[in-house]
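Heads up, the thing below is written out as structure tokens.
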Amino acid sequence: MDLSGRSPEQMVREGVALMPGGKAIFPTMSVEDHLRLATWTFRKDTERIDDSMVELYELFPVLAERGSQLAGDMSGGEQQQLAMAMTLLLRPKVMLIDELSLGLSPLIVAALCDVVRLLQRNGMTIVVVEQSINVALTLAERAVFMEKGTVRFEGRTRELLDRPDLLRSVFIEGARKDANDADAAGDDSSPEITSIDLAGLAPVEHHDLPMEEREPVLVCRDVTKRFGGVHALSHVDLEVRPGEIVGLIGQNGAGKTTLMDCISGFHTIDSGRITFRNTDVTDWTPSQRARGRLGRTFQEARLFPSLTVTEVIAVACERTVANRSLVADATHQPASYVAEEMTSEKVAGLVEMLGLAPYANFAVASLSTGTRRIVELACLLAEEPVLMCLDEPSAGVAQRETEALGPLLRQVCEHTGAAMLVIEHDMPLLAGLCDRLVAMELGQLLVQGPPAEVLEHPAVIAAYLGTDAAAINRSGASLSAPEHAAGQLV
């Protein structure tokens, strides 16, 4: 059947349904309202609605428990399960899933992969957009690799591993090349790191003292945050020292982003104190903390959609602009255009450093999720922060870019001397990047210490990591793909 030219509604009625990536829910509607809304194609068939709800609650028990809760108050993993449930209510013949593992903990990714495999075994055709080759290897039989709107490869998923030209790092030239890539290209040279020019980044004070002797740049004491009767954070103590990279891990809903929101001023804490650079900033606004050189990225890149890449990075340079006089701007004083030239040079350096030159004049709204993440990183670096708070920096970024991101962030940290607080679900990225990991559960600190010790802790494995290797190791050395007996996943 030729579906070209048909409306989205007609396509759904013919059996093609999309599970959107990222924003797939209405924050101010309850879970029950979402599920009721998803029955619009058979809203008068009460018996089918009841049967469908029973089946869904068996697949996603958490939705039955959260029926009256607003979707916007649920964790990212719960929202993703709700989005999949709404799509399944349409009983599609072909299900399109955009970014299955985006921003989700390993346990949630493993659970969703199990649901997808079950649907496949029941005969459903499924197309998945997935940035992690490791997840795709265990999930899909056939891969279609696209670049700039064209198909570059089509075949068995495992055959992608033999195509280093496709899996290369596009943006970040500081990626370490895999030995396998060099072999595939016929190059016997040893792996190397291409140098990254960080001269355009202003260094902050470097510290020669051992890490444990440095005075913390951030101190959280007894931080508590409640939403109604729910304790999102309960008496949290946290310290981050200059030049230190600290990773926050935990299940979706453990309180990681809430803690970062409190640190950056987007939530007012109910009790406790937050100290930044030896100053109590508990009552400071987000803009005051930003001017104090606390930089922040978000789960979804918050950029100006109608501005170009160059313009949005230039806006991020606002704190360090040399001239702020409206009179000088209006009368074209030398101070004005000299400041503009300095800003333009800084922006050009960041664009070049992060491989954004081909997109410099593109509107942000036209960029892919992964490209926007790179633009957001450029904006953060433009602020020259003393503390960088990164909320899932690899979300929506291709696997090879993720593998390149860790070395780049480490270089930035070493060059600037800034501290980093990173929320991330990609364990190989965190293990190679962080000096210390802090695991959270139900708004409290569960365990903290060196990455190897934390990731091997029984409580962390049980509460967060699980046992699915592909869901845990979304980047790094690729895993073998199991054979599938029936159905087809792409």
Side-chain angles (χ1 to χ4, degrees), residues 72-77 79 102-105 216-227 230-241 244-277 281-290 292-303 373 376-377 379-381 383 385-396 405 409 413 418-426 429-430 433-446 448 464:
D73 294 337
M74 298 197 305
S75 69
Q79 291 180 10
L102 182 64
L104 301 181
S105 67
V217 67
L218 173 72
V219 178
C220 299
R221 286 285 179 263
D222 200 35
V223 173
T224 298
K225 176 62 181 175
R226 291 183 292 271
F227 294 102
V230 178
H231 277 72
L233 296 175
S234 182
H235 308 291
V236 172
D237 292 332
L238 178 69
E239 293 184 356
V240 181
R241 292 174 168 77
E244 184 181 27
I245 303 180
V246 178
L248 285 178
I249 65 173
Q251 271 283 22
N252 297 100
K256 307 182 298 299
T257 297
T258 300
L259 176 59
M260 192 169 284
D261 284 339
C262 291
I263 291 171
S264 53
F266 288 90
H267 285 326
T268 302
I269 62 177
D270 294 306
S271 64
R273 309 304 296 174
I274 298 176
T275 303
F276 177 56
R277 301 177 71 184
V281 298
T282 306
D283 299 322
W284 284 21
T285 63
S287 61
Q288 289 175 316
R289 301 186 198 202
R293 301 182 71 178
L294 190 157
R296 166 78 192 274
T297 67
F298 299 86
Q299 287 179 318
E300 297 176 2
R302 297 187 183 180
L303 304 169
R373 301 300 295 192
E376 187 183 38
L377 176 60
C379 291
L380 177 66
L381 298 180
E383 299 173 26
V386 172
L387 173 64
M388 304 182 191
C389 296
L390 309 178
D391 196 348
E392 300 185 20
S394 74
L405 186 61
L409 293 178
C413 185
M420 286 187 186
L421 184 63
V422 185
I423 297 174
E424 186 53 68
H425 291 302
D426 190 305
L429 172 62
L430 282 184
L433 172 66
C434 295
D435 301 302
R436 178 162 54 97
L437 286 185
V438 177
M440 297 185 65
E441 185 179 22
L442 300 177
Q444 298 179 317
L445 300 189
L446 182 63
Q448 60 180 308
Y464 173 60

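Note that CE of Met260 and SG of Cys389 are 5.0 Å apart. Values are rounded to the nearest 0.5 Å. Here the straight-line distance linking atom OG1 of Thr282 with atom CZ of Arg273 works out to 3.5 Å at 0.5 Å rounding. The SG atom of Cys220 sits 8.0 Å away from the CD1 atom of Ile269 when rounded to the nearest 0.5 Å. Atom CG of Asp222 sits about 11.5 Å away from atom CG of Asp270, to the nearest 0.5 Å. Within the model, atoms SG of Cys434 and CD1 of Ile245 stand 6.5 Å from one another, a figure rounded to the nearest 0.5 Å.
For Gln444, there are no side chain to side chain donor-acceptor pair (under 3.5 Å) partners two or more places apart in sequence or in a different chain. Residues passing the salt bridge (Lys or Arg N to Asp or Glu O under 4.0 Å) test with Arg289, sequence neighbours excluded: none. For the salt bridge (Lys or Arg N to Asp or Glu O under 4.0 Å) test, no residue two or more places apart in sequence or in another chain qualifies with Arg302. Scored by the side chain to side chain contact (heavy atoms under 4.5 Å, CB included) test, Thr224 finds Arg226, His231, His235, Ser271 as partners (sequence neighbours excluded). A search for salt bridge (Lys or Arg N to Asp or Glu O under 4.0 Å) contacts involving Arg277 returns nothing, not counting sequence neighbours.
Closest approach of Leu390 to Thr297, counting heavy atoms only: CA-OG1, 3.2 Å. The two atoms that bring Gly265 and Pro286 nearest to each other are O-CG, 3.3 Å, heavy atoms only. Among all heavy-atom pairs drawn from Ala418 and Pro385, the shortest one is CB-O, 3.5 Å. For the pair Glu424 and Pro393, the tightest heavy-atom approach, listed with the atom from each and the gap, is OE1-CD, 3.2 Å. Between Glu383 and Gly295, the closest heavy-atom pair is OE1-CA, 3.7 Å.
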Should Val438 and Ile249 be marked as a side chain to side chain contact (heavy atoms under 4.5 Å, CB included) after you check the CA-CA gap, both sets of side-chain angles, and the distance that decides it?
CA-CA 6 Å; Val438 177; Ile249 65 173; over 6 Å; no
Would Lys225 and Asp261 count as a salt bridge (charged side-chain N to carboxylate O under 4.0 Å, His left out) here? Give the steps.
CA-CA 10 Å; Lys225 176 62 181 175; Asp261 284 339; over 6 Å; no
Do Met388 and Leu380 pass the side chain to side chain contact (heavy atoms under 4.5 Å, CB included) test, and can you show the C-alpha distance, the side-chain angles, and the key distance before you say yes or no?
CA-CA 8 Å; Met388 304 182 191; Leu380 177 66; 4.0 Å; yes
Dump the intermediate steps for salt bridge (charged side-chain N to carboxylate O under 4.0 Å, His left out) on Arg221 and Glu239, then the final yes or no.
CA-CA 9 Å; Arg221 286 285 179 263; Glu239 293 184 356; 2.4 Å; yes
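For the pair Leu303/Cys379, a side-chain contact is recorded, criterion being any heavy-atom separation below 4.5 Å from C-beta on. Arg296 is listed as a side-chain neighbour of Asp391, based on a closest heavy-atom distance under 4.5 Å. Side-chain contact between Val219 and Ile274 is absent, with no heavy-atom pair separated by less than 4.5 Å. Looking at Val236 and Leu259, their side chains come closer than 4.5 Å, going by heavy atoms from C-beta outward. When side chains are defined from C-beta on, Leu238 counts as touching Leu421, because their heavy atoms get closer than 4.5 Å. Counting heavy atoms from C-beta outward, Val246 and Val422 have side chains that stay 4.5 Å or more apart. Side-chain contact between Glu392 and Phe298: absent, with no pair of heavy atoms (C-beta onward) separated by less than 4.5 Å.
Looking only at distances, no side-chain donor or acceptor of Glu376 sits under 3.5 Å from a matching main-chain atom of Arg373. Panel note: side chain Lys256, backbone Met440; no donor-acceptor pair is recorded below 3.5 Å.
The side chain to side chain contact (heavy atoms under 4.5 Å, CB included) with Met420 is formed by just one residue from the set Val240, Leu409, Asp435; it is Leu409. Screening Leu387, Val386, Val217 against Leu294 for a side chain to side chain contact (heavy atoms under 4.5 Å, CB included) leaves a single residue, Leu387.
Contacts classified as salt bridge (charged side-chain N to carboxylate O under 4.0 Å, His left out) and involving residues 246-255 (residues at least two apart or in different chains) are not found.
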